[in-house]
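The structure appears right after this line, and notes come after that.
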Amino acid sequence: MALDGCGLLCKYTLLMFNLIFALVGFVFLGLGLWLRFSDGTRVFYEFDDFSSTFNMAVTVLIITGLVMLIVVVFGVYSACNEKRCTLLTFSALVTILAGALVVFGVIANSRKQEIGFRIADFYYSIYSLCVANSDPVLAVTLTFIQKLLHCCGATGIPSLDFAKETCPDPDSFSDPFTMDACPGVIVDVFINKAPLVMGLFVGTGVILLLALICSSILAKKLKTPSSPQYIILT
């Protein structure tokens with residue numbers, strides 16, 4: 001069925017949304033699987049006292065990545081083939097994701113101190129594994145986190161840190177000698193910068209809402225057209 005300008009705009013918006021969703025989903029799933037099954041990390045699961053937060057975070061990464069990729073499959077298939085049934089399924093999945101995001105946002109805000117310490121613990125687990133195994137994937141992960149937060153390892157001293165190659169470039173004269181340690185920065189973000197965290201949830205919710213609106217409009221455009229009216233010429 002031929003789509004008008006509004007329908008085409010919604011179609012390509014959905015494709016762009018699913019492209020971003022697919023990239024994030026692959027990153028989450030790939031990192032989760034690597035942390036669970038790589039040679040450098042698999043041995044740690046044999047110890048009962050290894051961080052339960054680490055195990056839980058890895059499981060969340062894998063499940064989140066899988067769910068996001070499942071949503072992408074429905075979204076791309078329905079947008080490319082203009083299938084109304086799968087588009088409605090995609091809308092339902094996005095609605096569930098949005099609801100889960102709201103619930104997690106409320107929990108994160110009400111238990112921000114506990115969640116901050118747990119995420120800091122997860123970071124320290126990745127840091128310890130990277131230092132112990134010189135794992136390139138973990139090094140890239142640390143580099144991304146530390147550049148995002150502008151912090152340096154567990155010590156905050158780039159020249160002495162065990163993973164100093166993952167620390168960000170200095171922004172000031174004192175940065176080569178001292179930076180904020182990442183676990184403390186992570187906890188501070190959740191406890192003292194709660195609006196920033198909520199802004200992340202709100203921004204993600206807006207993206208999901210935009211995808212939901214576009215999918216709803218496109219589903220209406222793809223309704224079975226009514227029977228044609230014939231004019232009898234006399």
Side-chain angles (χ1 to χ4, degrees), residues 20 23-47 49-62 64-65 104-105 108-109 111-204:
I20 298 173
L23 290 175
V24 177
F26 275 120
V27 169
F28 283 179
L29 180 60
L31 179 60
L33 292 175
W34 184 269
L35 292 174
R36 180 61 183 87
F37 297 108
S38 71
D39 294 334
T41 60
R42 187 169 46 196
V43 65
F44 289 96
Y45 286 88
E46 299 174 2
F47 299 96
D49 59 345
F50 189 61
S51 173
S52 60
T53 300
F54 179 83
N55 297 339
M56 181 177 66
V58 169
T59 303
V60 169
L61 281 174
I62 294 173
T64 302
F104 187 76
N109 187 61
R111 303 173 64 181
K112 52 189 176 184
Q113 183 172 0
E114 178 185 350
I115 292 178
F117 279 112
R118 284 186 175 274
I119 294 181
D121 186 28
F122 176 59
Y123 164 84
Y124 190 76
S125 298
I126 294 179
Y127 174 85
S128 302
L129 292 171
C130 180
V131 171
N133 299 287
S134 299
D135 192 302
V137 174
L138 298 182
V140 170
T141 304
L142 280 184
T143 301
F144 174 77
I145 294 173
Q146 294 176 169
K147 284 188 175 182
L148 180 66
L149 300 175
H150 195 71
C151 58
C152 181
T155 64
I157 306 176
S159 58
L160 299 178
D161 196 85
F162 293 110
K164 58 185 177 182
E165 68 280 356
T166 64
C167 293
D169 296 329
D171 283 345
S172 65
F173 176 77
S174 62
D175 276 355
F177 308 101
T178 178
M179 285 186 184
D180 293 325
C182 289
V185 172
I186 293 171
V187 173
D188 180 68
V189 166
F190 275 86
I191 295 178
N192 299 321
K193 299 180 181 177
L196 180 63
V197 178
M198 290 306 299
L200 178 62
F201 284 110
V202 171
T204 306

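The chain is numbered in sequence order, starting from 1.
Closest of all the heavy-atom pairs between Met198 and Asn109 is SD-CB, 4.0 Å. Here the closest heavy-atom approach between residue Tyr124 and residue Ala154 is recorded as CE1-CB, 3.6 Å. Annotation for Ile62 and Leu29: closest pair O-CD1, 3.8 Å, computed over non-hydrogen atoms. Heavy atoms only, all atoms of each residue included: Tyr127 and Leu142 are closest at CA-CD1, 3.9 Å. Between Pro168 and Lys147, the shortest heavy-atom contact is CB-CG, 4.0 Å.
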Assess the residue pair Leu129 and Phe54 against the criterion (side chain to side chain contact (heavy atoms under 4.5 Å, CB included)); give the C-alpha distance rounded to whole Å, side-chain angles, the decisive distance to 0.1 Å, and a yes or no. CA-CA 11 Å; Leu129 292 171; Phe54 179 83; 3.5 Å; yes
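Taking the centre of each ring, Phe201 and Phe104 come in below the 6.0 Å mark.
Side chains of Leu35 and Phe122 form a contact here, defined as non-hydrogen atoms less than 4.5 Å apart. Val58 is not listed as a side-chain neighbour of Phe37, based on a closest heavy-atom distance of 4.5 Å or more.
With sequence neighbours excluded, the residues forming a disulfide bond (SG atoms under 2.5 Å apart) with Cys152 are Cys167, listed by chain and number. With sequence neighbours excluded, the residues satisfying side chain to side chain contact (heavy atoms under 4.5 Å, CB included) with Val185 are Leu149, Cys151, Asp180, Val189.
The distance from the CD1 atom of Ile126 to the CG atom of Asp121 is 10.5 Å, given to the nearest 0.5 Å. Between the CG atom of Asp188 and the CG atom of Asn192 there is a distance of 4.5 Å, given to the nearest 0.5 Å. Summarising the geometry, atom CG belonging to Leu31 is positioned 14.0 Å from atom CZ belonging to Arg36; distances are rounded to the nearest 0.5 Å. Between Ser125 atom OG and Asn55 atom CG the span is 8.5 Å, to the nearest 0.5 Å. The distance from atom CD1 of Ile119 to atom NZ of Lys112, rounded to the nearest 0.5 Å, is 14.0 Å. Interatomic distance, CZ of Phe162 versus OG of Ser128, reported as 10.0 Å (0.5 Å rounding).
With Asp161 contributing its side chain and Ile157 its backbone, the two residues share no donor-acceptor pair below 3.5 Å. At distances below 3.5 Å, at least one donor-acceptor pair connects side-chain atoms of Thr166 with backbone N or O atoms of Ala163. For Asn133 (side chain) and Asp135 (main-chain N/O), no donor-acceptor pair under 3.5 Å exists by modelled atom type.
Checking Tyr123 against Gln146 by side-chain atom types alone, a donor-acceptor pair falls below 3.5 Å.
Counting heavy atoms of neighbouring residues, nucleotides and ligands inside a 6.0 Å radius, atom CD of Glu165 exceeds 12 of them.
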